[in-house]
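Taking it in order: structure first as structure tokens, then the write-up.
Both ligands and their constituent atoms are indexed starting at 1 by order of listing. Computation of the quantities below employed the complete heavy-atom set of this structure, encompassing side-chain atoms and omitting hydrogens, waters and symmetry-equivalent molecules.
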Amino acid sequence: MSRFYSIRFRLTATFLAIILAVMLLISLFLYSTLERYHMNNLLKHLERTGFLASEFLVGHLHGQIDTIRLSSLAENISRQADARVVFVDDQGQVVGDSVRVGGLLNQALEQEDVQHALEGEVSNSTTYSERIDSQIKQMAIPVKEDNDNVIGVIFLSTSLEEVQQTLADIRIFLFLATVLAMAVVGGGSVALARRFTGPLEELTMAARKMSEGKLDQHIEFSSEDEIGRLAEQFNVMARRLNYYTNNLKKFAADVAHEVRTPLTTMSLLTKSLKEHDMEPEQRKEFVDDLDQELDRLVALVNDLLELSKLEKDEIEHEEVNMNILLRDMVKENQYRFAHSGLDLIDIIPDQNLKVCAVPRQLRQVVSNLLDNALNYTPSGGTVTIALYKENGEVVTVVEDTGNGIPKEDQSFIFERFFRVDRARSREGGGTGLGLAIVSEIIAKHNGRVWVESEEGRGSSFYFALPAVEE
Ligand code: ADP
């Protein structure tokens, strides 16, 4: 990725552009205000000085004009006002100049401002003075009699050097302030961008590693903001993916292991049948064993298919009357249980208890629990199916008086391929998947399944589903 597309670069560039624009605007405004202020001050000062001087001058511009006196007056005013002062008569002739040597005394002053003033207007302009080698501000003020007759002009000029120096200082100050603001904002935005993008870069790295198959990723984060939450969700996702992948690997290994046992037995049986001469009776025994192993394989494949079907799309649920479903199943299994010397009884109330479910899957749950009760209860025992409603749930119980399950194993029995007693389970045709299927079906129905059991006394398997109210 080009660094120009990175958030860090774009964030910093945007902040810098914004602060530059803001600083330029502020500087322009501030500079023009200050420039106007200083110029106005200067003009007011010249104007005030001019008007004061014009009051003096009115009496001196009649009759014989004493240029020496007027020049000395101009010099006095000039010293106080810090400006050159020139008096001009109504013909545009200089009759007093504060500059004695090289001044304009007795010369015609052909300045535009003077012409305007002779016409009765106050006039000012900015120009360059070779004499003092500087920009100057000049102003011409008419000297009027009481009847508004213009009898002369006061011409004032002052150097702009001081004002220009002040303005230059302001320009430097504004430039430095802009540079400083940009440095601070630039530094700040780089730090800010790093704070934001640091975890994002870590996330990208971790995601890349995951895409390469290294699923065991974890990101350290300390912030509680959006990026912190993203990192947290990423960790949860990585953990889950890791867990599922490990589970899948374990499941595949377990399946291979489960399939290998009957296949090995079948291979041995077939070899014996092929290589040895046997009595018909012994041969039948071998073929029966082969048949049994095949049944075991078929049962395993069926259970695996059932599990994979459960992982597929949702099937439409419908209203199921548990009373009818359980009574039917008790009836169907009665003979099988009696054949094994077991009593199968039911405690099912007449009241209709309904749930929303896939009927075939519910039958599968009850069937698996009944198969286990049959397999793990010695002859002479009793298996009871009960049904009741409690706290908005319809609860089904399959209770037996069989072997029971050791306490330490009870939390594992719903896991795939877990068996308390491997040999005994296999003998009874168990695949080790029956309770895993039960647990997944009930979870898909938003229900709960649990066991209460005591070794040597029996087990009770419960499953509860949300009741459908009449
Ligand atoms: P299996 O096919 O081995 O029966 P399940 O998943 O149905 O597999 O059961 C897991 C294990 O839980 C069984 O191997 C058995 O040890 C134990 N178990 C299940 N039901 C009962 C029961 N009713 N009584 C005693 N043990 C049971």
Side-chain angles (χ1 to χ4, degrees), residues 247 250-251 254-262 265 292-311 326 329-330 333 336-337 340-347 361-386 395-444 447-463:
N247 247 12
K250 182 176 171 296
F251 182 58
D254 286 348
V255 170
H257 181 78
E258 291 295 327
V259 172
R260 196 177 56 180
T261 315
T265 316
Q292 218 176 9
E293 293 301 331
L294 259 178
D295 280 351
R296 196 162 294 165
L297 265 183
V298 170
L300 180 66
V301 170
N302 281 342
D303 277 357
L304 286 172
L305 276 176
E306 189 61 42
L307 271 175
S308 80
K309 257 192 256 164
L310 283 176
E311 274 159 21
L326 291 180
M329 292 203 67
V330 169
N333 282 278
R336 205 157 63 100
F337 274 65
S340 298
L342 296 173
D343 250 355
L344 177 62
I345 54 173
D346 70 79
I347 309 174
Q361 292 183 346
L362 276 194
R363 293 178 72 84
Q364 177 83 59
V365 167
V366 178
S367 168
N368 286 10
L369 294 179
L370 283 176
D371 283 353
N372 281 351
L374 183 78
N375 281 340
Y376 305 107
T377 309
S379 174
T382 306
V383 176
T384 313
I385 292 192
V395 186
T396 306
V397 196
V398 177
E399 188 183 307
D400 64 52
T401 55
N403 309 334
I405 303 160
K407 265 249 157 335
E408 65 272 18
D409 291 331
Q410 285 176 17
S411 54
F412 298 109
I413 54 170
F414 293 99
E415 279 179 19
R416 294 172 180 189
F417 298 120
F418 181 86
R419 296 162 171 123
V420 175
D421 181 345
R422 296 208 145 241
R424 225 194 99 79
S425 164
R426 284 233 173 78
E427 215 174 276
T431 59
L433 292 173
L435 288 180
I437 292 172
V438 167
S439 159
E440 286 196 27
I441 291 177
I442 297 302
K444 280 220 148 196
R448 307 179 290 130
V449 58
W450 69 99
V451 65
E452 285 170 10
S453 179
E454 208 178 310
E455 252 189 301
R457 303 198 69 165
S459 314
S460 299
F461 282 86
Y462 296 78
F463 68 88

- Message: Taking side-chain contact (heavy atoms from CB on, under 4.5 Å) as the criterion, tell me which of V397, L369, L370, I345 meets it with I385.
- Response: L370
- Query: For ligand 1, which atoms sit closer than 4.0 Å to a heavy atom of T431?
  - Reply: 2 (O)
- So is R448 actually on top of F463's ring, under 6.0 Å and inside 45° of the axis? no
- Side chain, backbone, both or neither: D400 near ligand 1, heavy atoms under 4.0 Å: side chain
- Among Y376, F417, F412, closest by any non-hydrogen atom to atom 24 (N) of ligand 1: Y376
- For I405, counting its heavy atoms only, list the atoms of ligand 1 lying under 4.0 Å from any of them. 25 (C), 26 (N), 27 (C)
- If we only count N/O pairs under 3.5 Å, is F461 in contact with ligand 1? no
- Message: Test salt bridge (charged side-chain N to carboxylate O under 4.0 Å, His left out) on R419 and D409; report intermediate values, then the result.
- Response: CA-CA 9 Å; R419 296 162 171 123; D409 291 331; over 6 Å; no
- Message: What I want to check is whether the side chains of E306 and N302 have a donor and an acceptor closer together than 3.5 Å.
- Response: no
- Do any N or O atoms from the side chain of Q410 and from the backbone of I405 form a donor-acceptor pair under 3.5 angstrom? yes
- Contact atoms of ligand 1, heavy-atom distance to I413 under 4.0 Å: 10 (C), 12 (O)
- Item | N-O pairing of R416 and E440 below 4.0 Å | yes
- Message: Side chains of L435 and F412, heavy atoms from C-beta outward: is any pair under 4.5 Å?
- Response: no
- Query: Roughly how far, to the nearest 0.5 Å, is the CD1 atom of I413 from the OG atom of S439?
  - Reply: 10.0 Å
- Can you tell me if N403 has a non-hydrogen atom under 4.0 Å from ligand 1? no
- Note on the structure: Checking heavy atoms under 4.0 Å, the part of F418 that sits near ligand 1 is backbone
- Query: Is it true that G432 lies under 4.0 Å from ligand 1, counting heavy atoms only?
  - Reply: yes
- Note on the structure: G430 heavy atoms within 4.0 Å reach ligand 1 at atoms 1 (P), 2 (O)
- Message: Does any N or O of ligand 1 fall below 3.5 Å from an N or O anywhere on V420, backbone included?
- Response: yes
- Item | G434: numbered ligand 1 atoms lying under 4.0 Å from its heavy atoms | 5 (P), 6 (O), 7 (O)
